[in-house]
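These values consider heavy atoms only, across backbone and side chains, with no hydrogens, waters or symmetry-generated copies.
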Amino acid sequence: MLRRTALRLALAALAVPALALAACGGDDDDTGGSAAADLVTANVSCKDLNVAAPARIKSAGKFVVASDLSYAPMEFVKPGSNEAIGADIDLARCIAEAWGVTLEVQNTSFDAIIPALTSKKADVIMSSMSVTDERKQQVDFVEYLVAGSGILVKKGNPKNIKSLADLCGKKVAIQVGTVQIDEAEEQNAKCAQKIQVTTFEQNTDTITAVSSGRADAALMDYPVAAYGARQVKGTEVVGEQYNTGPYGIAVRKDDTEVRTAIQAALAAMKDKGKYEAILKYWGLEAGALK
């Protein structure tokens, strides 16, 4: 399973502070961030989906989405701005546009994101959240993407890391609250020399830890690892993605109307080609759900 459940624009009401994204610019180890800056929005119109907004959201006039904006290309902040961008943001914007409401993105740390939803600070979570049995006990999911985990290392792979088994005795960086923490713990049970795990609040910091030599590897969702390796000079992804599973849009268990409306919107997006167009723009079409 993956970092977050169920694979993670004219925003009239952005609620996101500026972030210093090491994977996207402003760092000596960065490639300059131009590729990230070029990817802003899929620019897909969703006004013609003919789906109804949930009554509560229609009345409020806004669709509030909790997302941890440190996980490019799924959700992050456009370098040099406060603008939330990414595949999850485009999908959320498409839903909001189809419902005729404004999209509001609440930048929320991933380890606090489910409490933000259950306390009704947001309508849903769209943040590359992997669907797990543990999370299903707290929230319901609408699955929308499939992805796996990946291993990011320093360019040239000096530690010769090819799989989880090769992480034994190594220093590994992982974002807090992610399923990669569980993967490392499971592997540690098989290691004679334990993995030295260092956790970070933001995934971009795990990539920086590798590029700077403070970590031998970082574990994260494969699409994010591949994107990070393109953005941060001196890093690469090794091996194939593993532990593939679905990303899901998380909804409160008692919010049946919203869950049903999300399902209808996604079905319409697929039928009209909007879903595929957004994923293709971000290079994620291989993870599309049929």
Is there side-chain contact between Val64 and Val105, with at least one heavy-atom pair below 4.5 Å?
no
Lys280 bridged to Glu285 by N-O distance under 4.0 Å:
no
Distance-only check: which donor-acceptor pairs under 3.5 Å involve side-chain atoms of residues 257-268, not counting sequence neighbours?
residue : atom : partner : partner atom : Å
Glu257  : OE2  : Ala55   : N            : 2.9
Arg259  : NH1  : Asp140  : OD2          : 2.9
Thr260  : OG1  : Thr256  : O            : 3.0

For Ala184 against Ile174, the heavy-atom pair lying closest together
CB-CD1, 3.8 Å
So, for Val232 and Ser211, which heavy atoms are closest and what is the spacing to 0.1 Å?
CG1-CB, 3.8 Å
What closest approach, in Å, do Lys253 and Lys136 show between heavy atoms, and which atom pair accounts for it?
NZ-O, 2.8 Å
For Glu276 versus Lys270, what's the shortest heavy-atom pair and its separation?
OE1-O, 3.6 Å
Closest approach of Lys162 and Asp166, non-hydrogen atoms and distance?
N-OD2, 2.8 Å
Does a side-chain heavy-atom distance below 4.5 Å link Leu91 with Met269?
yes
Which atom names give the shortest non-hydrogen contact between Gly213 and Lys171, and what distance separates them?
O-NZ, 4.3 Å
Is the side chain of Thr108 donor-acceptor paired with the backbone N or O of Gln106 at a distance under 3.5 Å, no angle test?
yes
Could you check whether the rings of Phe76 and Tyr227 sit parallel, tilted or perpendicular, using 30° and 60° as the cut-offs?
tilted
Residues Asp255 and Arg56 bridged, charged N to O under 4.0 Å:
yes
Do you see a donor-acceptor pair shorter than 3.5 Å between the side chains of Asp111 and Ser109?
yes
